[in-house]
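In what follows, chains are A, B, ... by sequence order, proteins preceding strands, each numbered from 1.
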Amino acid sequence: MSEQVRVRFAPSPTGYLHVGGARTALFNWLFARHTGGKFILRIEDTDAARNTEAAMQAIYDGMRWLGLDWDEGPLAGGDCGPYHQSERGAIYERHAQKLRDSGHVYADENGALRFRLPRQPIVFEDLVCGRIEVDRSKSQNRDGSPEADMTIRRADGGWIFHFVNVADDIEMKITHVIRGEDHLSNTPKHLELFAALGATPPRYAHIPLILNKDGTKMSKRDQGASVDGYIEAGYVPEAVRNFLCLLGWSPKDDREIMPISEVIERFDPAQINRKAAHFDLEKCDWVNQQYILQMPLEKLADQVEPWLKKAGIIFGTRAEMLPVLALVRERLKKLSDAPAWMDYFFTGDFPFDAEAVAKVLSKPAALDHLRKLTAAYAGLGEWTAAALETSLKSQATVAGVKVGEFVHPARIGATGRSVGASLYHTLEVLGRDRVLARFARALAKLSASN
RNA sequence: GACCCUAUCGUCCAGUGGCCUAGGACAUCGCCCUUUCACGGCGAGAACACGGGUUCGAAUCCCGUUAGGGUCGCCA
């Protein structure tokens, strides 16, 4: 049992990477990393019609984003290439010839090559599903007719999935096939193919499918179905990966937010759940938020920066941006939320939220409070959150009003809106000059319109 | 229709014959913190699909029913 584990993810280029596929890739990758084996990427593009470069790119991008690096495959090389099935015709022809020589295949009336299904009872041990027994002689079509022999090559010469899949698993010395449960019923056929080719089949682990939260099938358009949807929505890749790890697998204790190294260490395919998982995007959002909350600030800044730039925010240096990010990070559910929480820190020319102004700043008393606060803050000795708070509260006391009568006008004056991080910390980060300028701007604008 | 897989709170997971008056997490609701919004803390409601067995004892084992999913392509 010193044999090195070799697993593969074998997607067909459909134009996007489905979460189900991503999880299959992830489990294969985890198993390879756990065992010190090899993770191979093989592109199953025998159907030339949908074989496009863009579709392939979506797979590479999605896997790289999730941090699933492959040891062999396109762009990585390896001894068992090429790794696109469209380029492996000669290899398939060789295996087909073997089947012809042994009488396992024949050309049908249309010119397609068919494999004589033995239709013998078959038993195999699945790492996830356990012992599977199938009486192949009972298989029949919808209309009750017996199952037809399996086509392995079309009349036009194109190879068929089942055959190339098996041929490649032999050629690439695959030891474990971890794939979606939709292939469980195909496995007996594959086993028959392995036997006919005189090869030892790999071990199988069929993982349950991912369905929508309501139990319906997940299709491309469903929320959360496509990996690039996560990229575009501003999810943290490590968070999505963590969430996917927990869909159908668990470390058997209550650990949820885990570094990938811990998952690799503890991962065991035999522990994968047998039940189909229903996809809950809200939980994924929570995991994402936990990552935003817990990752080192500098790292978060790396991930947030592209979003700020995309929103056209000029945030100056990293040193100027970090305190702002530290202040608002617990409000971010996604990276894409950052601009909305951070933009007003970096420009004094922000708009005033009409509703907030109507509710609090339109009152003459509110403007008066803002004037008093401006005077107090202009003479404030130490510009710290604590000092700002003390000063504001004493102004309220002197004026004989509740603290809120000062807090709300100040917030709107300094930020233009009624919600945000702690007022005093916001003012501290902004600094005296900017705060006073903003108060003056608000007073000028709103006094004029009063 | 045939064959295969599955069945614990709305959802994700724990539970592998007694520790279960079933545990954790997300979501929901309430309270606290906070004169904003969040974060955080505390608490509540919420499940073993149904029916038969086996056993001194079943969420856990067996059978059936029901329900969901999958396969049965010259798609992958």
Side-chain angles (χ1 to χ4, degrees), chain A residues 10-14 21 44-47 49-50 85 108 110-114 126 128-130 132-148 150-162 164-165 179-189 206 208-209 211-217 243 246-257 273-287 289-290 292-293 327-333 337 341 356 360 393 396 402-408 410-412 415 417-423 426:
Chain A
S12 107
T14 55
E44 307 225 327
D45 55 353
T46 51
D47 184 5
R50 43 173 140 158
Q85 290 188 328
D108 69 9
N110 297 316
L113 206 56
R114 284 183 183 266
D126 190 276
V128 175
C129 301
I132 308 289
E133 277 178 83
V134 188
D135 184 353
R136 303 273 295 130
S137 64
K138 289 198 285 193
S139 297
Q140 56 181 240
N141 296 321
R142 253 173 282 268
D143 60 8
S145 61
E147 185 179 5
M150 167 171 59
T151 303
I152 67 165
R153 197 190 63 192
R154 294 178 209 127
D156 68 5
W159 298 98
I160 296 297
F161 162 74
H162 302 287
V164 294
N165 189 269
R179 61 183 5 174
E181 198 191 69
D182 48 336
H183 288 304
L184 187 61
S185 299
N186 290 148
T187 304
K189 286 190 213 169
H206 287 91
L209 271 15
L211 307 174
N212 285 315
K213 193 172 178 179
D214 64 4
T216 56
K217 267 177 281 186
F243 173 71
L246 263 19
L247 213 51
W249 175 84
S250 94
K252 305 300 177 197
D253 53 25
D254 292 332
R255 294 277 289 153
E256 293 201 306
I257 307 298
N273 221 296
R274 294 183 179 198
K275 189 177 63 170
H278 293 199
F279 191 82
D280 186 1
L281 198 61
E282 282 176 329
K283 178 116 186 198
C284 183
D285 286 351
W286 175 78
V287 173
Q289 189 174 27
Q290 293 306 305
I292 288 176
L293 240 28
L327 198 54
V328 305
R329 76 142 94 188
E330 67 203 28
R331 266 146 268 258
L332 309 181
K333 282 186 102 66
D337 294 336
W341 287 103
V360 316
K393 283 181 172 168
K402 284 191 275 186
V403 179
E405 298 294 316
F406 274 79
V407 168
H408 299 307
R411 176 184 298 288
I412 297 167
T415 71
R417 58 195 83 176
S418 56
V419 294
S422 148
L423 173 67
T426 298

Given side-chain contact (heavy atoms from CB on, under 4.5 Å), test A/Val287 with A/Glu256 step by step and report yes or no.
CA-CA 9 Å; A/Val287 173; A/Glu256 293 201 306; over 6 Å; no

Remember a base hit wins even if backbone is also touched, and classify A/Gly111 as base, sugar-phosphate or nothing at under 4.0 Å, heavy atoms.
nothing

Would you classify A/Ser418 as touching base, sugar-phosphate or nothing, given that sugar-phosphate means primed atoms plus P, OP1 and OP2, and contacts are heavy atoms under 4.0 Å?
base

Can you measure from CZ (A/Arg114) to CE (A/Met150) and round to the nearest 0.5 angstrom?
10.5 Å

Under the rule for side-chain contact (heavy atoms from CB on, under 4.5 Å), what residues qualify as partners of A/Arg154, not counting sequence neighbours?
A/Asp47, A/Asp156, A/Ile160

Would you say B/A76 has OP1 or OP2 under 4.0 Å from some side-chain N or O of A/Thr46?
yes

Atom-to-atom span, CD of A/Glu330 to C1' of B/U36 - whole angstrom
13 Å

Looking across every strand, which nucleic acid part, if any, lies under 4.0 Å from A/Lys402 by heavy atom: base, sugar-phosphate, or nothing?
base

Ignoring backbone atoms, establish whether A/Arg154 has a side-chain N or O less than 4.0 Å from OP1 or OP2 of B/C75.
yes

Backbone N/O of A/Ala356 and side chain of A/Arg417: donor-acceptor pair under 3.5 Å
no

Please step through side-chain contact (heavy atoms from CB on, under 4.5 Å) for the pair A/His183 and A/Phe161, ending with a clear verdict.
CA-CA 11 Å; A/His183 288 304; A/Phe161 162 74; 3.4 Å; yes

So, does A/Thr151 get its side chain near the phosphate of B/G73, meaning an N or O under 4.0 Å from OP1 or OP2?
no

For B/A58 and B/G53, measure between their C1' atoms and round to the nearest Å.
12 Å

Working to the nearest 0.5 angstrom, can you tell me the gap between A/Lys213 NZ and A/Asp280 CG?
4.0 Å

If you find the nucleotide of RNA chain B closest to A/Ile132 and the one closest to A/Trp159, which residue's nucleotide is nearer the 5' end?
A/Ile132

Rounding to the closest angstrom, what is the interatomic distance between B/A46 and B/U28 at atom C1'?
10 Å

Considering only atom P, compute the distance from B/A49 to B/A67 and round it to an integer number of Å.
16 Å

What residues form a side-chain contact (heavy atoms from CB on, under 4.5 Å) with A/Lys333, not counting sequence neighbours?
A/Gln289, A/Asp337

What's A/Ala421 touching, base or sugar-phosphate or nothing? Going by heavy atoms closer than 4.0 Å.
base

What does B/G43 pair with, Watson-Crick or G-U, if both distances are under 3.5 Å?
B/C29

Does any nucleotide pair with B/U55 by Watson-Crick or G-U wobble geometry, both distances under 3.5 Å, and what is it?
none

Taking atom P in both B/U11 and B/G43, compute the distance separating them and give it to the nearest angstrom.
25 Å

Between the base of B/C37 and the side chain of A/Arg331, is one N or O donor paired with an acceptor at under 3.5 angstrom?
yes

Counting only side-chain N and O atoms of A/Asn273, is one of them less than 4.0 Å from OP1 or OP2 of B/A14?
yes

Name the nucleic acid region contacted by A/Leu293, choosing base, sugar-phosphate or nothing; use a 4.0 angstrom heavy-atom cut-off, strictly under.
sugar-phosphate

Listed partners of A/Asn110 passing side-chain contact (heavy atoms from CB on, under 4.5 Å), at least two apart:
A/Asp108

Indicate, with a heavy-atom threshold strictly under 4.0 Å, whether A/Gly420 touches base, sugar-phosphate, or nothing.
base

Measure the spacing between CH2 of A/Trp286 and CD1 of A/Ile257 and express it to the nearest 0.5 Å.
4.5 Å

Strictly by Watson-Crick or wobble contacts shorter than 3.5 Å, is anything paired with B/C20, and which nucleotide is it?
none

A/Ile160, nearest nucleotide to its side chain (from B/U36, B/A2, B/C74)
B/C74

May I ask you to say what A/Arg411 touches in the nucleic acid, namely base, sugar-phosphate or nothing, with a heavy-atom cut-off under 4.0 Å?
base

Is the shortest side-chain N/O distance from A/Arg114 to OP1 or OP2 of B/C74 below 4.0 Å?
yes

Distance between the P atoms of B/G15 and B/G57, in whole angstroms?
25 Å

Under 3.5 Å, N/O pairs linking protein and nucleotides 65-71 of chain B:
unit_1	atom_1	unit_2	atom_2	d
B/G70	OP1	A/Lys217	NZ	3.4
B/G70	O2'	A/Asp182	O	3.4
B/G70	N2	A/Ser185	OG	3.1
B/U71	O2'	A/Asn186	ND2	3.4

Between the protein and nucleotides 25-31 of chain B, are there any N/O to N/O pairs under 3.5 Å, and if so, what are the atom names and distances?
unit_1	atom_1	unit_2	atom_2	d
B/A25	O2'	A/Glu256	OE1	2.6
B/A25	O2'	A/Lys283	NZ	3.0
B/A25	N3	A/Lys283	NZ	3.1
B/C26	O2'	A/Lys283	N	3.4

With a 4.0 Å cut-off on heavy atoms, is A/Gln85 in touch with a base, just the backbone sugar-phosphate, or nothing at all?
nothing

Atom pair NE2 (A/His278) and CG (A/Leu209), whose distance is rounded to the nearest 0.5 Å
10.5 Å

Less than 4.5 Å apart, side chain to side chain, heavy atoms only: is that true for A/Arg274 and A/Glu181?
no

A/Asp143: partners by salt bridge (charged side-chain N to carboxylate O under 4.0 Å, His left out), with sequence neighbours left out:
none

Pick the C1' atom in B/U8 and in B/A22, then give their distance to the nearest Å.
8 Å

Who pairs with B/A67 - Watson-Crick or G-U, where each distance is under 3.5 Å
B/U6

Minimum-distance nucleotide to A/Ser250 side chain [options: B/G40, B/C13, B/A2]:
B/C13

When the P atoms of B/A25 and B/A44 are considered, how many whole Å apart are they?
12 Å

Whole-angstrom distance between B/G30 and B/C39, as gauged at atom P
15 Å

Applying a 4.0 Å non-hydrogen cut-off, can you work out what A/Ser422 is touching in the nucleic acid: base, sugar-phosphate, or nothing?
base

Reckon A/Ala155 touches a base, only the sugar-phosphate, or nothing at all at heavy-atom distances under 4.0 Å?
base

Using a cut-off of 4.0 Å on non-hydrogen atoms, how would the nucleic acid contact of A/Val407 be classed: base, sugar-phosphate, or nothing?
nothing

Pairing nucleotide - B/G1, Watson-Crick or G-U, each distance under 3.5 Å
B/C72

